[in-house]
Structure formats: structure tokens, C-alpha cells
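Okay, so here's the structure we're looking at.
Residue numbers run from 1 in the order of the sequence given.
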Amino acid sequence: MDKFKRIAAMIGVIILVGMYVVTLILGLTASPATQNMLMASIVCTVVIPVMLYAMMLVARVLGSSNDKNPPEEKASDKKSSKDKKEK
């Protein structure tokens, strides 16, 4: 699963860098259709990462409720539970 996450993250980085490059190129060119394409590129540069972040949050929330294993204890909780067992 970690390999899949790394590959997905690299694809996301490539897409974001591509959008930034396209935005830069469209900003420097002078064509009648450039203004509309530039505005669409700027909107996508903001909207797509926000949507991806929202999807990750939803997946995290829904995924944690479906886990059969209980969440890992924090280090402070482990110490207190060890202290209780020793007493």
C-alpha cells in the first residue's frame, strides 16, 4: 500500500507542476483564447489541490471507522498502562 501511495503522490506532484508550467506559459503568450485558458488554469491550480485534500480527509475519516484493529496507543498512554500493570 505504501508503494501505491508514493506512486499516487508522485503523479499528483507531476500534475501540479504541469499546471503551474501551463499557467506560466499561458500568462506569457498573447493569443485571443489565452485569457480564458489562463483563467481556467489558475482556477484548476487552486481547486484541484483543495478537492484532493478534501478527499483525503473524507477517506481518513471513513477509513478509520472501518478498521477492525483499534487505533495505536499514544506513548503517554502506553506508559500509564504499563505503570498500572506493574502496580
Side-chain angles (χ1 to χ4, degrees):
M1 191 69 173
D2 286 336
K3 190 173 184 178
F4 173 73
K5 287 182 182 179
R6 287 184 183 185
I7 292 171
M10 286 303 296
I11 291 171
V13 168
I14 291 169
I15 290 171
L16 285 174
V17 169
M19 284 192 304
Y20 295 140
V21 169
V22 167
T23 302
L24 178 67
I25 292 171
L26 289 173
L28 297 175
T29 59
S31 166
T34 301
Q35 185 174 5
N36 291 335
M37 289 189 291
L38 176 63
M39 294 307 289
S41 180
I42 291 171
V43 169
C44 286
T45 300
V46 173
V47 170
I48 290 175
V50 170
M51 293 298 293
L52 290 174
Y53 181 71
M55 283 191 243
M56 287 189 320
L57 286 177
V58 169
R60 186 181 305 155
V61 169
L62 294 178
S64 65
S65 65
N66 293 334
D67 288 343
K68 293 182 180 178
N69 297 332
E72 294 183 18
E73 293 180 355
K74 295 180 183 177
S76 61
D77 292 341
K78 288 181 181 180
K79 286 182 183 178
S80 63
S81 64
K82 286 181 183 178
D83 292 340
K84 290 178 183 176
K85 289 179 183 178
E86 290 175 1
K87 292 180 181 181

same_hphob_cluster(Ile42, Val22) at 4.5 Å side-chain heavy-atom cutoff: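 Hydrophobic grouping puts Ile42 with Val22.
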
Transitive ILVMFWY side-chain link Leu16 to Leu52, under 4.5 Å: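 Looking at the clustering, Leu52 is in the same group as Leu16.
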
Residue pair Cys44 / Pro49: nearest heavy atoms and the distance that separates them: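 Taking Cys44 first and Pro49 second, the nearest heavy atoms are O-CD, 3.8 Å.
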
Sequence-distant partners of Val47, side-chain contact (heavy atoms from CB on, under 4.5 Å), two or more places apart: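 Partners of Val47 under the side-chain contact (heavy atoms from CB on, under 4.5 Å) test: Val43, Met51.
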
Partners meeting side-chain contact (heavy atoms from CB on, under 4.5 Å) with Val58 (sequence neighbours left out):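 Testing Val58 for side-chain contact (heavy atoms from CB on, under 4.5 Å), a comparison that skips the adjacent residues, returns Leu62.
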
Other cluster members, Tyr53 - Ile/Leu/Val/Met/Phe/Trp/Tyr, side-chain contacts below 4.5 Å: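 In the cluster with Tyr53 are Met56, Leu57.
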
